[in-house]
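Just below is one structure, and these are the notes that go with it.
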Amino acid sequence: ILEPNELTEDPNDYRAQPVNVKSWSEAEIIDRVMDIGAGLTRSDVASVVEALKQVLPRIVREGGAFNTELFSASFSIQGVFTAGKDIDPHSVRLNVHAGSLLRDAVKGMATRRVDNVQSGGLITSVQDVKSGSVNGTLTPDRDLRINGSKLKVMGEDAAVGVYFVNLADASRTKVDPTDVVTNNPSELMVVIPALAAGTYNVQVVTQYSGAGRLLANSRTISSDKPLTVAQGV
């Protein structure tokens, strides 16, 4: 979809925002490997993945670099240093780049505008910062990043805020206003309340219009992705 570009002053400037992007978990990727009939058992594939997760970080920690057809990784050292003084280890930066296979995959992608410019707000993705899960799981008492358009939480209406709606009984849990860490039109960062196990949707209620004035009435912007709090979390 196209959404207003908040970084320019021209009201006719828009930016493209991908929607309905599925985030594949490690287990789901292993499922895809099994689907191609590689002649390996699921245990074999999981063991290889686990081995790579141990070996590749070890190479980086040892000061090495690697280059594969999927991606490459190397490191650089940033900053200005004085002769004779030790280098601050925090100045080391990891550089990760797509390999030839991933670059070629992007070249083959087709884009299509799926809707007209949205006049209302929109939630495009929800990321659990603790687990890294996108449009999937929730970790109570940890940060959640909400991306979209016209999400800024503004207005005097008592209903204004961020909510988690339990899909089982439609009960709503409001985020404490002090737990809205980042409050921008295209991104919110909130602390997830102490939710019980279950499945939820995120709702943003705001009077923000994006036009330099508040809406007369608040509007509700809902995610269309069910988000899960697991038992025992």
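- Hydrophobic clustering (ILVMFWY, side-chain heavy atoms < 4.5 Å, transitive): Leu70 and Leu94 are in one cluster.
- Here the CD1-CG distance, from Ile221 to Leu122, works out to 8.0 Å after rounding to the nearest 0.5 Å.
- Around the CG atom of Asp35, the shell of radius 6.0 Å holds more than 12 heavy atoms that belong to other residues, nucleotides or ligands.
- No more than 12 heavy atoms of other residues, nucleotides or ligands lie within 6.0 Å of CZ in Arg142, so this atom counts as exposed by the packing criterion.
- Note that the NZ atom of Lys53 and the CD atom of Glu26 stand 3.5 Å from one another [nearest 0.5 Å].
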Inset, instruction - With side-chain hydrogen bond (donor to acceptor under 3.5 Å, both in side chains) as the test, would you mind laying out the steps for Asn201 and Ser222 before giving the verdict? - result: CA-CA 7 Å; Asn201 274 350; Ser222 300; over 6 Å; no
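- Note that CE of Met189 and CG of Asn147 are 8.5 Å apart. Values are rounded to the nearest 0.5 Å.
- Between Pro140 and Ala194, the closest heavy-atom pair is CB-CA, 4.1 Å.
- The hydrophobic cluster containing Leu195 does not contain Leu167, counting ILVMFWY residues as joined when their side-chain heavy atoms lie under 4.5 angstrom apart, directly or transitively.
- A 6.0 Å sphere centred on NZ of Lys174 holds more than 12 heavy atoms belonging to other residues, nucleotides or ligands.
- The cluster map of Ile, Leu, Val, Met, Phe, Trp and Tyr, joined by side-chain heavy atoms under 4.5 Å apart, puts Ile123 and Val180 in the same cluster.
- Atom OG1 of Thr182 and atom CZ of Arg145 lie 8.0 Å apart (nearest 0.5 Å).
- Scanning both residues, Gln207 and Glu156, for their nearest heavy atoms gives OE1-N, 3.1 Å.
- For Thr206 (side chain) and Lys152 (main-chain N/O), a donor-acceptor pair under 3.5 Å exists by modelled atom type.
- The same ILVMFWY cluster, assembled from side-chain heavy atoms under 4.5 Å apart, contains both Leu40 and Ile30.
- A donor-acceptor contact closer than 3.5 angstrom is absent between the side chains of Asp44 and Ser47.
- By the 6.0 Å contact criterion, CD on Glu69 is open, its count of non-hydrogen atoms from other residues, nucleotides or ligands being 12 or less.
- Scanning both residues, Phe75 and Asn95, for their nearest heavy atoms gives C-ND2, 3.7 Å.
- By the rule that hydrophobic residues join a cluster once side-chain heavy atoms approach within less than 4.5 Å of another member, Leu144 and Val205 end up as members of separate clusters.
- Of the inter-residue distances, the one linking Asp143 atom CG with Leu188 atom CG reads 12.0 Å to the nearest 0.5 angstrom.
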Legend entry - Evaluation steps, side chain to side chain contact (heavy atoms under 4.5 Å, CB included), between Asp157 and Asn217: CA-CA 8 Å; Asp157 190 323; Asn217 299 303; 5.9 Å; no
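- Between the CG atom in Asp224 and the OG1 atom in Thr124 there is a gap of 10.0 Å [rounded to 0.5 Å].
- Of the possible donor and acceptor atoms, one in the side chain of Arg219 sits under 3.5 Å from a partner among the backbone N and O of Tyr208.
- In this structure, Ser133 contributes its side chain and Asp128 its backbone to no donor-acceptor pair below 3.5 Å.
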